[in-house]
Amino acid sequence: MCGITGWVAFDHDLRTELPTVDAMTETMACRGPDGRGTHVEEHAALGHRRLAIIDLPGGSQPMGVPTPHGTVSIVYAGETYNFAELRSELAARGHFFTTRSDTEVVLRGYLEWGESVAERLNGMYAFAVWDAREHKLVMIRDRAGIKPFYYYPTPDGVLFGSEPKAILAHPIAERTVTADGFRELFAFIKTPGHAVWEGMREVEPGTVVTVSATGIRTTRYWTLETREHTDDRDTTVARVRELLHDTMRRQLVADVPSCTLLSGGLDSSAMTAIAAAQRAARGETLRSFAVDFAGLTENFVADELRPDPDTPFVHDVVKKSGTVHQDIVLGSAEMTDPEVRRKVIGARDLPSGLGDLDTSLYLLFKAIREHATMALSGESADELFGGYRQFFAPEAHASTTFPWLAGHQQFFGQGRRGRRGGPSAPVRQSLLTDQLSAALDLDHYIQDSYHDAVSAIRRLDGESDAEWRMRKISHLHLTRFVRIWLDRKDRMSMASGLEVRVPFSDHRLVEYVYNAPWAWKSFDGKEKSLLRAAAADVLPRSVLERRKSPYPSTQDPTYAAALREQCADLLTTPGHPVFDLIDKARLREAVTSDTPLIDQASRRDLERTLDLALWIDMYAPALKLP
């Protein structure tokens, strides 16, 4: 896992621009604490920060292969899980390897197959190839969008990077956010290609972006396609089990200490149990980690969204699977530390508004990094197997918007009605000024985006209305919703120099389960029936019977009190630019109210305000508001 960046300029000589390329590269030091490298030639400059996972002594980048007509160079971030098979195939075709790294396999694969190498890769990756033979840059991103990748067109070429901060370190890149950027920031829908920063674009998942002197061309090598599913239910369960075991086997390969993230839910428990069994077969013991909050288990208060604490279920899995386990217990003092918030905003490059969900994840990964360099995560399973409550909510089924924004299902199940009644816009705009809310018109932005997203989904001939409705809901989760959480996990983990792999995002598994009938994904009357059946033999009964519970959130009242105090401090600087966005009177009312901040939505309002203020302080963006 690494951070990549670069600059291609067809009308300039970049050989004198090494300081600029170095500055872009150093913005990603956290993504790659184990090494750095740059390569600069007349019209192309590449930068790389390395987190060594496979072939620790080899695999340094940028990596190049000289040819009679020019050198082909690569900067690569991610992992290719089928690199061993590809290496054997390429060796049989006459390629000679000097390292054991998957980076060299991808580079040699490009030499053999060109841009179509992407179709052969199984993994999570974002990489750029400068092909001096044809004077072109080729940028390729994985199918699911696990690894971030951005680019910024310039008059004579392009800037690119794993994160916006790498691009923004270049003097030509403007730090501007317009109304359209704020719409994307507040809408909670993750429009493919949208980067929020004006002039910047995201390399879309499953695409190849080619830059030459004649312009920029984008081609798609993968999309989530509708296909007829011909296997019966028992065969489907068996195939899911087979794919899970194969995916886990591939993703456990690493030359560094590794572990799993264990929440006690069905997803992470199944992943941990399978991984532990595979490790045990080799005479090894798997490590696992879980996040908890001080006093949460002992003083837990159940609500509609979270019926029980994670820890008892975590320990049931540990006992059955035999992992070496550690609970990472977080306190409110570190959760509200302004320096931690700064780290989180710096990792995101944007104010995410997820508050303690981001902060606790960052602190969890920071603690895990003291023991391991690679971790497996259960991310994507809810989107794939149908785990969220909105998959079953009548208001989501009947709505004509994104299911996680329908009625009370927004913000993964917890929200509130809009002030005018009816389905609400995202909770996180409630403290925005009336003028900004009206100008952004998020309702129409979301609705237009929804229609664009649905228009890309194909209905099977003869598919029932019920199955078609669930196909749309599943597709939207797998192409929009999941990318919010994949991006969160990547940014928080890489800010700590920890690689996190997501087995449930394996494209073979995604293609297969997506096309299985919805009736089979809930055949036992519960969510994620296919996954439960596929992992039933390795899980404790408590986990098999547990109701879905999302990532935990602190219930400590001192956390909410600290948020109010920090927002009160912000109000003492009335000239702060954040008040171009946030209504001071409403913020003051929220800060001085005697009502306890017991609901997540109210806390998110304060967290969003603090995030926005800190982001403005750190990035000094030009806010071009309507």
Side-chain angles (χ1 to χ4, degrees), residues 1-5 24-33 49-51 53 77-79 124-126 141-142 144-151 160-169 177 181 184-185 188 190-192 194-197 200-205 261 291 335 339-369 373-380 480-502 505 551 607-608 610-612 614-615 618-619 621:
M1 201 63 61
C2 308
I4 66 173
T5 190
M24 296 169 68
T25 303
E26 288 312 300
T27 63
M28 296 178 299
C30 289
R31 295 187 76 92
R49 291 290 315 209
R50 187 184 186 207
L51 175 62
I53 302 293
E79 303 291 346
M124 56 178 189
Y125 46 82
R141 190 178 181 196
D142 66 69
I146 303 168
K147 303 313 297 177
F149 203 178
Y150 297 87
Y151 67 100
F160 68 86
S162 292
E163 298 178 356
K165 63 174 61 67
I167 294 171
L168 296 174
V177 180
E184 184 66 20
L185 184 62
F188 209 67
K190 196 64 178 76
T191 304
H194 207 303
V196 178
W197 296 96
M200 194 180 298
R201 296 285 296 167
E202 175 191 55
V203 177
E204 292 189 32
L261 308 178
V291 67
M335 294 272 290
E339 187 55 33
V340 172
R341 186 178 297 277
R342 176 177 289 273
K343 294 286 188 183
V344 169
I345 296 297
R348 283 282 206 168
D349 293 311
L350 292 167
S352 73
L354 292 177
D356 70 313
L357 302 184
D358 271 358
T359 304
S360 62
L361 193 64
Y362 168 76
L363 291 170
L364 170 65
F365 289 152
K366 183 179 177 183
I368 291 175
R369 186 61 174 87
T373 310
M374 186 275 283
L376 297 183
S377 167
E379 203 76 72
S380 303
R480 299 296 181 102
F481 196 59
V482 73
R483 291 174 185 169
I484 297 171
W485 307 112
L486 289 173
D487 188 69
R488 164 183 176 256
K489 187 142 287 181
D490 174 87
R491 301 302 186 88
M492 294 303 101
S493 61
M494 294 308 294
S496 306
L498 178 72
E499 174 180 295
V500 173
R501 300 177 179 179
V502 281
S505 287
Y551 183 86
E607 290 168 327
R608 162 65 75 176
L610 293 171
D611 284 355
L612 281 167
L614 183 57
W615 171 64
M618 292 175 63
Y619 283 83

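Note that these values count all heavy atoms, side chains included, but never hydrogens, waters or copies made by symmetry. Note that the numbering runs from 1 along the sequence shown for the chain.
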Do Val177 and Val196 come close enough that some side-chain heavy atom pair is under 4.5 Å?
-> yes
Would you check if the side chain of Ser162 reaches a backbone N or O of Ile4 as a donor-acceptor pair within less than 3.5 Å?
-> yes
Return the minimal non-hydrogen interatomic distance between Leu185 and Pro351, and the atom names on each side.
-> CD1-O, 3.6 Å
What pair of heavy atoms forms the shortest contact from Ala166 to Met24, and how long is it?
-> O-CG, 3.4 Å
Any chance you could lay out the side chain to side chain contact (heavy atoms under 4.5 Å, CB included) test for Tyr150 and Asp349, step after step, and finish with the verdict?
-> CA-CA 12 Å; Tyr150 297 87; Asp349 293 311; over 6 Å; no
Show your reasoning for whether side chain to side chain contact (heavy atoms under 4.5 Å, CB included) applies to Phe365 and Val500.
-> CA-CA 9 Å; Phe365 289 152; Val500 173; 4.1 Å; yes
Output for pair (Cys2 SG, Arg31 CZ), nearest 0.5 Å, gives 9.0 Å
Among Asp490, Asp487, Asp142, side-chain hydrogen bond (donor to acceptor under 3.5 Å, both in side chains) partner for Lys147 | Asp490
For the residue pair Glu379 and Ser505, establish whether any side-chain heavy-atom pair is separated by less than 4.5 Å.
-> no
Quick check: does any side chain N or O of Lys165 sit under 3.5 Å from a backbone N or O of Gly346, one acting as donor and the other as acceptor?
-> yes
Shortest non-hydrogen contact from Ile484 toward Arg348 | O-NH1, 4.4 Å
Is it true that Arg49 and Glu26 have a side-chain N and a carboxylate O under 4.0 angstrom from each other?
-> yes
CA sep, side-chain torsions, deciding dist, call: Lys190, Glu202, salt bridge (charged side-chain N to carboxylate O under 4.0 Å, His left out) = CA-CA 11 Å; Lys190 196 64 178 76; Glu202 175 191 55; 2.8 Å; yes
Ile345 side, atom CD1; Ser352 side, atom OG - distance, nearest 0.5 Å = 6.0 Å
Let me see the working for Met335 and Leu363 under side chain to side chain contact (heavy atoms under 4.5 Å, CB included), right down to the final yes or no.
-> CA-CA 8 Å; Met335 294 272 290; Leu363 291 170; 4.1 Å; yes
Check whether any side-chain heavy atom of Met28 lies under 4.5 Å from a side-chain heavy atom of Met494, and answer yes or no.
-> no
Return the minimal non-hydrogen interatomic distance between Gly355 and Asp611, and the atom names on each side.
-> N-OD2, 4.4 Å
Side-chain contact, heavy-atom cut-off 4.5 Å: Tyr619 with Leu350?
-> no
One should read off an interatomic distance between Met124 CE and Arg141 CZ, to the nearest 0.5 angstrom, of 12.5 Å
More than 12 foreign heavy atoms under 6.0 Å from NZ of Lys489: is that the case here?
-> yes
Indicate yes or no: at least one non-hydrogen side-chain atom of Thr373 is less than 4.5 angstrom from one of Glu499.
-> no
Any side-chain heavy-atom pair from Arg488 and Leu357 closer than 4.5 angstrom?
-> yes
Step-by-step side chain to side chain contact (heavy atoms under 4.5 Å, CB included) determination, Leu168 to Met200 | CA-CA 10 Å; Leu168 296 174; Met200 194 180 298; 3.9 Å; yes
From OH (Tyr551) to CG (Leu354), nearest 0.5 Å = 11.0 Å
Calculate, to the nearest 0.5 Å, the distance between atoms CG and CG belonging to Leu498 and Leu364 respectively.
-> 8.5 Å
Between Glu607 (side chain) and Asp356 (backbone), is there a donor-acceptor pair under 3.5 Å?
-> yes
With under 30° as parallel and over 60° as perpendicular, where do the rings of Trp485 and Phe188 fit, or are they tilted in between?
-> perpendicular
Can you name the nearest heavy-atom pair linking Arg369 to Gly497, along with the distance?
-> NE-O, 2.5 Å
Do Met374 and Glu79 have side chains that get closer than 4.5 Å, going by heavy atoms?
-> no
Spacing of Arg341 atom CZ and Thr359 atom OG1 [to the nearest 0.5 Å] | 5.5 Å
